[in-house]
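Report on one structure; see the data block that follows.
Positions are given from 1 along the sequence. Hydrogens, waters and symmetry mates play no part in the numbers below; they use all other heavy atoms, side chains included.
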Amino acid sequence: MSSLKWWENAVIYQIYPRSFQDSNDDGIGDLKGITKRLDYLSKLGVDAIWISPFFKSPQKDFGYDVSDYYDINPDYGTLKDFEALITLAHDSKLRVMLDIVPAHCSSEHQWFIESRSSKSNPKADWFHWVEPKDDGSAPTNWLSFFGGQAWTWEPRRQQYYLHNFLPEQPNLNYGNPAVIEEFNKIAKFWFDKGVDGFRLDAVHTINADPVHYKDNPANSNFKLGPLPQDQQPFFRQLHDAAQLNQPAIQEFCTSYRKIADSYPNDRFLMGEVDGDNDTAMSVSENFTKPGRLHATYNFDLLEWAGLTVSEIREAILKAAEIFNNTGRLSFAFSNHDVPRVATRQLKALGVSVKDSDRMQILLLKLQISIIGSSCIYQGEELGLEDVTDIPKEKMQDPWGIEFAPTFLGRDTCRTPMVWNKKLPNGGFSRANKTWLPIADKHLNRAAIDSASDPKSIYNELSKFLKWRKKQPAMMRANCMLNITGDHKEISFERQSDNQTLRCNFDFDTLTASFQEI
Ligand code: GLC
Ligand code: CA
């Protein structure tokens, strides 16, 4: 019945492949594992899957450091495995989105190995190579998201190179047309394999400007608070005037859009973008102007500390104001980068543990009822909690290893899925050791067990997704009106030509209700 494009209201399920399902008992999830679980996902009723990167990679940032964009990391399988996965997903009416990392590649990529070797090789200007200052120090004061300077010295070239994340993730130079051309080829390669869209990683960190490197100003609002992210020096600076969000990034966006539009069946581009302070929503707006990306993956509900009801409503109001009547926005409460919602929102909303499931069902229904698509993260449909007791020697995330114990990084939301309580490792793998430990506290929420429990979050969500498909106000138009509420309630109307649906989310009783008016 939909008159919208599929991506305007899609419910997208994010798979973190390393932790989803292991098929060959090496303790690492893989593509065949995903294929085995497509049935579980299609019964849940989601529209699409987004798979975090599975390309060749030394796994310094677990796949967000790609060393070959045209091939699969052996841990995860082969191109043939991917082709089988996409065919079966399409047979089950699930669209498939890949996670392309355009801003940086791995320092083990051939491009970088060649580029760093001299100042005159054919790839010499594929990265940001900059002379030191006269005193030998780095060209600017820029810091890396993961700690330390954003510049690393390369003795062979006697120059610094830029990396907004790890030194093993050198930033590509988008001021060089050859780089854009190569990434265009990458898009075509995967679209030709039938991929329905891309989540484009950290697009706001693409750096295009090879000459005008200037210092970031200090963040005058910075306060060293109790939150983990406050501990990181990165947030003592403002970035949008220099290091990030530079206008030239839009050249990449427009060239990707042209490619997507040249394919049939509405290929979708969703960019992960963020901005300084409270600007994520206006940054999103800028990235989705005509001819740029279709939508952006927005951070406003991903707040590490969790959000109050009023803060959630503020985000919805902003979304309505900037994006109403369009599906250019994708909201998420959870992903592979932030503490899990079951833990984080319980605290922020002051909900008691016994009411946790009801709170989570309410948040899922709310998120999915807002205009635009929404992304849910593996395990969110089970109500998995964050895992904060991983011993230091078992930690994997380089960000957490750098800042523990004040900040534990992202392993806490990346432990493997559990499928059957009674199987070894919860059915994730039969290996003696899994790449991150399985959390015992997750076992009572194992996926296959949950799917057969009528009262589980999985089944409540599944029922809701089926009901939603029959509501013209949710499926035929991206119109959201009359957003109201107080510190315990959010309500709004969704409207299409022939239906107005009053959607009410009561955080006192933890119930959602939908009424046709
Ligand atoms: C994005 C990813 C994150 C990764 C970073 C660098 O924010 O979600 O996991 O570490 O980009 O690629
Ligand atoms: Ca495996």
Side-chain angles (χ1 to χ4, degrees), residues 1-14 38 41-50 89-97 196-197 199 260 264-270 284 288 293-298 301 315-317 319-333 361-376 380-381 457-483 490-505 511-517:
M1 89 166 139
S2 185
S3 56
L4 296 176
K5 305 243 191 265
W6 71 269
W7 51 265
E8 289 191 82
N9 57 12
V11 176
I12 302 163
Y13 184 98
Q14 182 194 352
L38 288 173
L41 297 172
S42 100
K43 285 197 179 121
L44 178 59
V46 295
D47 304 299
I49 55 175
W50 139 31
H90 286 163
D91 287 350
S92 316
K93 303 259 174 317
L94 286 168
R95 310 220 188 218
V96 177
M97 292 172 64
D196 299 284
R199 180 259 193 189
N265 306 326
D266 300 317
R267 310 298 165 105
F268 174 39
L269 301 174
M270 173 176 82
S284 290
T288 55
L293 305 179
H294 297 96
T296 60
Y297 181 78
N298 182 270
L301 301 182
I316 299 171
L317 274 165
E321 189 190 335
I322 300 186
F323 293 103
N324 209 3
N325 303 318
T326 75
R328 290 185 291 149
L329 186 73
S330 199
F331 266 133
F333 268 116
I361 293 163
L362 180 64
L363 289 173
L364 281 164
K365 288 181 177 174
L366 169 61
Q367 176 195 342
I368 292 164
S369 301
I370 303 168
I371 51 164
S373 58
S374 53
C375 295
I376 55 179
E380 203 174 354
E381 80 282 18
I457 298 179
Y458 176 98
N459 271 307
E460 286 287 336
L461 176 60
S462 171
K463 260 191 279 167
F464 178 70
L465 292 176
K466 285 186 188 108
W467 171 84
R468 180 185 87 116
K469 285 261 152 81
K470 296 191 214 118
Q471 308 309 314
M474 300 267 200
M475 300 305 288
R476 294 186 72 90
N478 263 315
C479 175
M480 183 166 62
L481 302 167
N482 298 330
I483 301 158
I490 297 173
S491 58
F492 51 79
E493 281 156 27
R494 289 289 307 261
Q495 200 176 66
S496 64
D497 281 351
N498 51 2
Q499 188 189 36
T500 300
L501 206 55
R502 183 94 203 142
C503 313
N504 188 63
F505 306 89
T511 44
S513 54
F514 301 87
Q515 195 191 4
E516 227 174 298
I517 54 176

Item to check | Partner residues of Ser369 under the side-chain contact (heavy atoms from CB on, under 4.5 Å) criterion, sequence neighbours left out | outcome: Phe464, Met474, Phe492, Phe505, Phe514
Checklist entry - Within a strict 4.5 Å, meaning less than it, do heavy atoms of the Ile361 and Leu461 side chains meet? => result no
Checklist entry - Less than 4.5 Å apart, any side-chain heavy atom of Thr511 and any of Leu362? => result no
Item to check | Criterion side-chain contact (heavy atoms from CB on, under 4.5 Å) on Leu363 and Gln367, from CA distance to verdict | outcome: CA-CA 6 Å; Leu363 289 173; Gln367 176 195 342; over 6 Å; no
Checklist entry - Within the distance-only criterion (no hydrogens, no angle test), does the side chain of His294 pair as donor or acceptor with the backbone N or O of Leu269 below 3.5 angstrom? => result yes
Checklist outcome for this item: In this structure, CG of Leu329 is separated from CD of Glu8 (nearest 0.5 Å) by 12.0 Å
Item to check | Results of ring pair (Phe, Tyr, Trp, His ring centres under 6.0 Å) for Trp50 - residues two or more places apart only | outcome: Tyr297
Checklist outcome for this item: Across all chains, not counting sequence neighbours, the side-chain contact (heavy atoms from CB on, under 4.5 Å) partners of Ser496 are Pro472, Ala473, Arg476, Ala477, Asn498, Gln499
Next on the checklist: Using the ring pair (Phe, Tyr, Trp, His ring centres under 6.0 Å) criterion, which residues pair with Tyr458? Sequence neighbours excluded.
Outcome noted: Tyr40
Checklist entry - Which is it for Ser284 and Phe323 under the side-chain contact (heavy atoms from CB on, under 4.5 Å) test, yes or no, and what are the steps along the way? => result CA-CA 10 Å; Ser284 290; Phe323 293 103; 3.7 Å; yes
Checklist entry - Roughly how far, to the nearest 0.5 Å, is CG of Asn325 from CD of Gln495? => result 9.5 Å
Item to check | With Asp266 via side-chain contact (heavy atoms from CB on, under 4.5 Å) - residues at least two apart | outcome: Lys5, Trp6, Trp7
Checklist entry - If you measure from CG on Asn298 to CZ on Arg328, what distance do you get to the nearest 0.5 Å? => result 12.5 Å
Next on the checklist: Please check this pair: side chain of Asp196 against backbone of Val96, looking for a donor-acceptor N/O pair closer than 3.5 Å.
Outcome noted: yes
Checklist entry - Out of Lys93, Lys469, Arg95, which residue meets the salt bridge (Lys or Arg N to Asp or Glu O under 4.0 Å) rule with Asp47? => result Lys469
Checklist entry - For the residue pair Met270 and Met97, what are the closest heavy atoms and their distance? => result CE-CE, 4.0 Å
Checklist entry - Does a side chain donor of either Arg502 or Ser491 reach within less than 3.5 Å of an acceptor in the other side chain? => result yes
Checklist entry - About how many Å separate CD1 of Ile316 and CE of Met480, when rounded to the nearest 0.5 Å? => result 6.5 Å
Item to check | Rounded distance [0.5 Å steps], CG in Leu481 versus CD in Glu493 | outcome: 6.0 Å
Checklist entry - Given Thr326 and Thr288, is the side-chain contact (heavy atoms from CB on, under 4.5 Å) satisfied, shown in steps? => result CA-CA 10 Å; Thr326 75; Thr288 55; over 6 Å; no
Next on the checklist: If I compare all heavy atoms of Val46 with all of Leu94, which pair ends up nearest, and what's the gap?
Outcome noted: O-CD2, 3.3 Å
Next on the checklist: For the backbone of Leu44 and the side chain of Glu381, can you confirm whether one donor and one acceptor N or O come within less than 3.5 Å of each other?
Outcome noted: no
Item to check | Validation row: Met475, Leu4 side chains within 4.5 angstrom (heavy atoms) | outcome: no
Item to check | Min side-chain heavy-atom separation Val11-Leu465 under 4.5 Å | outcome: yes
Next on the checklist: Closer than 3.5 angstrom, by distance alone: can the side chain of Arg494 be matched with the main-chain N or O of Cys479 as a donor-acceptor pair?
Outcome noted: yes
Next on the checklist: More than 12 heavy atoms of other residues, nucleotides or ligands under 6.0 Å from CG of Asp91: yes or no?
Outcome noted: yes
Checklist entry - Asn9 side chain to Ser373 main-chain N or O, any donor-acceptor pair under 3.5 Å? => result no
Next on the checklist: Going by the rule side chain to side chain donor-acceptor pair (under 3.5 Å), which residues pair with Ser92 if we only count those two or more places apart in sequence or in a different chain?
Outcome noted: none
Checklist entry - Going from SG on Cys375 to CG on Leu301, what distance comes out if it is rounded to the nearest 0.5 angstrom? => result 11.5 Å
